[in-house]
Amino acid sequence: MVGAARSTSVLIAGASATVAFVVLRTFVAMGGHEPLAVDVWWHDLVVSSTGDAWLVVAWVPAIVGGTLGMIVIGAALIAWLVWRKRRWDAATLAIALVAVVAIGATMAAVIGRTRPEDSLAESVATSFPSGHTAVATTVAVILALTFRRWYVWALGAVWVVTMMWSRTYLHAHWLSDVVAGLLEGIAVACFVWVCVDSARARHVSRATTESAGESAGEKTIESSATP
């Protein structure tokens, strides 16, 4: 019962994030993919506070959370989970990472929203949603759902917020881009987690039923053999 309630809560969170993403995407589309008023406000605020020291700090999560960085980190986390004999959790993380990258990259290419003109990082028109933020959020949510510890949630939240700040501080994304990445990551992580958890529950149930059937069969044979 507790497991079912938890899955329902995670499913609701994923659905809510999806709805919020669609709403945000609609606003961006209605504006001709131009920056929203809040995007301009945040961008101007970030530009006015740009400094060399903070730029160095901002590049750290950008590099760590980049394509190469996340391949290394993702592979290390998956290998660690397998080593700890948590193969279902390793599969959850692997599937979620593949899904969030495939979905995000496709949407970004199709939408083709232009980044800020003064971007210090990427310049191609694949701004919405933020891939860095989406991947960071996916990893954080999957790990938090897996280990169910408050400090995992806390560390994950700090990492995601730092990534969102980094991408806007480097002028690589508008604020709405990173919010979209956040929502995409939550949605993908929640839906994948629910699907894999459901498959795991069915597997355990089937294994238990088969084991019980075998035990019953053995007892029947023993009873028949008893004179």
Side-chain angles (χ1 to χ4, degrees), residues 2-3 5-7 9-18 20-21 42 46 49 53-101 103-104 121 129-170 172-173 175-197 200:
V2 175
R6 186 163 186 260
S7 293
S9 298
V10 175
L11 190 60
I12 291 174
S16 300
T18 301
F21 181 94
W42 180 257
V46 169
S49 62
W54 284 112
L55 284 175
V56 172
V57 174
W59 270 109
V60 174
I63 294 173
V64 173
T67 302
L68 180 59
M70 287 315 302
I71 288 176
V72 173
I73 293 174
L77 286 172
I78 292 169
W80 177 66
L81 288 169
V82 171
W83 176 72
R84 292 194 60 185
K85 297 182 180 180
R86 305 187 66 144
R87 293 180 176 82
W88 283 96
D89 296 326
T92 303
L93 180 58
I95 294 170
L97 283 173
V98 172
V100 77
V101 170
I103 294 171
S130 165
H132 281 68
T133 305
V135 172
T137 302
T138 299
V139 173
V141 173
I142 290 295
L143 292 180
L145 289 173
T146 297
F147 294 104
R148 311 182 193 186
R149 296 290 186 271
W150 69 267
Y151 54 82
V152 178
W153 281 106
L155 290 173
V158 170
W159 171 243
V160 172
V161 171
T162 300
M163 182 63 76
M164 295 173 73
W165 166 80
S166 167
R167 300 308 287 162
T168 55
Y169 198 81
L170 293 174
H173 285 284
L175 180 61
S176 54
D177 295 336
V178 295
V179 172
L182 169 70
L183 296 173
E184 180 203 348
I186 292 174
V188 171
C190 288
F191 288 139
V192 170
W193 187 88
V194 168
C195 289
V196 176
D197 190 62
R200 171 166 38 189

(Q) Restricting to side-chain contact (heavy atoms from CB on, under 4.5 Å), what partner residues turn up for Val152, sequence neighbours left out? (A) Leu143, Ala144, Phe147, Arg149
(Q) Arg87: which residues meet the salt bridge (Lys or Arg N to Asp or Glu O under 4.0 Å) condition with it, sequence neighbours left out? (A) none
Q: Classify the side-chain pair Trp54/Ser49 by whether it contains a donor and acceptor separated by less than 3.5 Å.
A: no
Q: Compare every heavy atom of Thr133 with every heavy atom of Val178, then report the nearest pair and how far apart it is.
A: O-CG2, 3.3 Å
(Q) Please list all pairs meeting salt bridge (charged side-chain N to carboxylate O under 4.0 Å, His left out) that have one or both residues in residues 64-86, counting only residues at least two apart or in different chains. (A) Arg86-Asp89
Q | Smallest separation among heavy atoms of Val46 and Tyr169, with atom names | A | CG1-CA, 3.4 Å
Q: Could I get the full list of side-chain contact (heavy atoms from CB on, under 4.5 Å) partners for Ile95, not counting sequence neighbours?
A: Val192, Val196
Q: Please confirm whether the backbone N or O of Ala62 pairs with a side-chain atom of His132, one donor and one acceptor, at under 3.5 Å?
A: yes
Q: Would you name the heavy atoms of Ala134 and Glu184 that are closest together and state the gap between them?
A: CB-OE1, 3.3 Å
Q. What pairs with Ala180 under side-chain contact (heavy atoms from CB on, under 4.5 Å), at least two apart in sequence or on another chain?
A. Phe21, Leu24, Phe128, Pro129
Q. Do you know which two heavy atoms are closest between Ala187 and Ala17, and how far apart they sit?
A. N-CB, 4.0 Å
**Q.** With sequence neighbours excluded, residues passing side chain to side chain donor-acceptor pair (under 3.5 Å) with Ser176
**A.** Asp39, Arg113
